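Worksheet for the structure shown next.
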Number of protein chains: 2
Amino acid sequence: MAIPRAARTQRRTRIQEEKEEVILEAALDVFSVNGFRGSTIDQIAEVAGMSKPNLLYYFRTKEAMHRALIDRVLFTWLEPLRAFDANGDPESEIRSYIRRKLEMARDFPRESRLFANEMLQGAPHVEDELRGPLKSLVDEKAEVIRAWAKTGKIAKCDPYHLIFSIWSTTQHYADFDVQVRAVLGDEHSGEGRFEDAARYLEQLFVDGLGIRQS
Amino acid sequence: MAIPRAARTQRRTRIQEEKEEVILEAALDVFSVNGFRGSTIDQIAEVAGMSKPNLLYYFRTKEAMHRALIDRVLFTWLEPLRAFDANGDPESEIRSYIRRKLEMARDFPRESRLFANEMLQGAPHVEDELRGPLKSLVDEKAEVIRAWAKTGKIAKCDPYHLIFSIWSTTQHYADFDVQVRAVLGDEHSGEGRFEDAARYLEQLFVDGLGIRQS
DNA sequence: TGTAATGTTTACCAATCGGTCAAATTATCT
DNA sequence: AGATAATTTGACCGATTGGTAAACATTACA
């Protein structure tokens, strides 16, 4: 008899590993565009190339799929902020943070949109993670920035709003991609726009924070 | 016999004005949170306090409602950019543009989220408006900024990405409101956060663009 | 005030929704 | 190879979806 996924306590099968991967990949496609409510299991099943009951064999509910997806994305999404080094020098740390976030917007736009969708809906599935782990991480890095400001390495500014502004400006290129393309026109919508954005944003933040030495 | 809304060519009734207003208000509530696909006519009807067929008497389809809503929002949403004055001086123009956009994020967060939802889904209903009127307006203002840069009034920078960065940083406070509140904690989540944001963003952009005179 | 146009509601429809079930198929291991 | 566990599927369920038809109620205007 088949053992439903949730009851598994033993090791996972090869097939389970593979299929769950395929499913989450498809789910990311669908959820990131339509949000949780706007997505259907049938859509995901079709993208995943399997029948709906088969999909539900691996994830017993739509919620479970979304949950698994959010958990995975949330972790990798915070990777750049975790890499933010308190011992590095302000200019290069901020530059590379911007660059890393922009690379993620370029390479993982679906993950960015999934997250954005969740935020727009009021974070019904992840508010605890926001108030817990996310807040802790941001608090820690904000303290680093505050110290930089105190010792005059960068201009005095609110570290939280600084972080918000880096998040928003970089993620914008993933979440509002259609708008960016529409405004820039077809000729400037190639991948080069990420290089232009990086150049502009690094200038904005480095000069805006008064840490240009050259 | 009842004349369906779409067939009306004559003047609108008093009741029509009122009810359409109520409906669009309710639709804004629902669409801005759940997106187009994730919203249901029943939800909107309940919020509007009327029966579903009654609602469908004024807007014959869900699409028609969404359309009417988007059209209205799109216009007012671009008001701050239209007010951007080519003859003003760079610092005060940028400062007041930021301030106006932040005020809109504070006072009309639903409108911002409705727009964000549409972007996340790839702008299936408004791509023409983006490529047409929006692009034209942005092109025009970008030219102003480029001229400022050329005459040395502000630092050399890509005017399009400058506009993108002002859009994203300000709208962030509406679209990612939950996240902002979660990270700032309950004690700093009052309306004062908009003042903090304004102070920070004005500093960032004014200094970042090298136009601080004091 | 009568009447025609406008507005509202109840009952309903086919399609789609998330999810179940039992039977059939396939992989795994001895 | 044979037994057993894991995987897959078609048929189906009740609830919800967007939308309609027609009867009913209300308003505006002569």
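Given the structure is predicted, the values throughout are model-derived calculations rather than measurements.
- Under a cutoff of 6.0 Å and an axis angle of 45°, Arg199(A) and Phe194(A) do not form a cation-pi pair.
- Distance from the side chain of Pro53(A) is smallest for dC21(C) among the nucleotides dT20(D), dT17(D), dC21(C).
- Straight-line distance from the CG atom of Asp42(B) to the P atom of dC17(C): 15 Å, rounded to whole Å.
- Taking atom CD on Glu20(B) and atom P on dG7(C), their separation rounds to 9 Å, with Å as the unit.
- Using a 4.0 Å heavy-atom distance criterion, Ser51(B) is classed as a base contact.
- Put simply, the side chain of Lys62(A) and the base of dG19(C) share no donor and acceptor less than 3.5 Å apart.
- When the C1' atom of dT8(C) is taken as reference, atom CG of Leu55(B) falls 12 Å away, rounded to whole Å.
- Counting only heavy atoms from C-beta on, Thr40(A) has its side chain closest to dG18(C) among dG18(C), dG18(D), dG19(C).
- One can place CD of Glu17(B) at 17 Å from P of dT27(D), the figure rounded to the nearest angstrom.
- Leu102(B) CG to Tyr173(B) OH: the interatomic distance, rounded to the nearest 0.5 Å, is 7.0 Å.
- Phosphate proximity of dG7(C) to Gln16(B): present, with a side-chain N or O under 4.0 Å from OP1 or OP2.
- Note that Arg67(B) lies outside the cation-pi zone of Phe59(B), set by a 6.0 Å cut-off to the ring centre and a 45° limit from the axis.
- If you measure from atom CD of Glu18(B) to atom P of dG7(C), you get 11 Å, rounded to the nearest angstrom.
- Distance Leu56(A) CG to dT7(D) P: 15 Å, rounded to the nearest Å.
- One finds a side-chain N or O of Lys19(B) lying less than 4.0 angstrom from the OP1 or OP2 phosphate oxygen of dT8(C).
- Put simply, Tyr57(B) has no side-chain N or O that comes within less than 4.0 Å of OP1 or OP2 on dG19(D).
- Atom CD of Glu129(B) is surrounded by more than 12 heavy atoms from other residues, nucleotides or ligands within 6.0 Å.
- Phosphate contact (OP1/OP2 of dG18(D), side-chain N/O of Arg37(B), threshold under 4.0 Å): absent.
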- Task: May I have the step-by-step check of side chain to side chain donor-acceptor pair (under 3.5 Å) for Asp139(B) and Tyr160(B), ending in yes or no?
- Result: CA-CA 8 Å; Asp139(B) 282 342; Tyr160(B) 290 95; 2.5 Å; yes
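- Per the geometry, CD1 belonging to Ile44(A) stands 17 Å off P belonging to dT16(C), to the nearest Å.
- At the phosphate of dT9(C), OP1 or OP2 sits under 4.0 Å from a side-chain N or O atom of Asn54(B).
- Across all strands, Ile41(B) comes closer than 4.0 Å only to sugar-phosphate atoms, never to a base (heavy-atom distances).
- If you take NZ of Lys52(B) and P of dC13(C), they are 14 Å apart, rounded to a whole angstrom.
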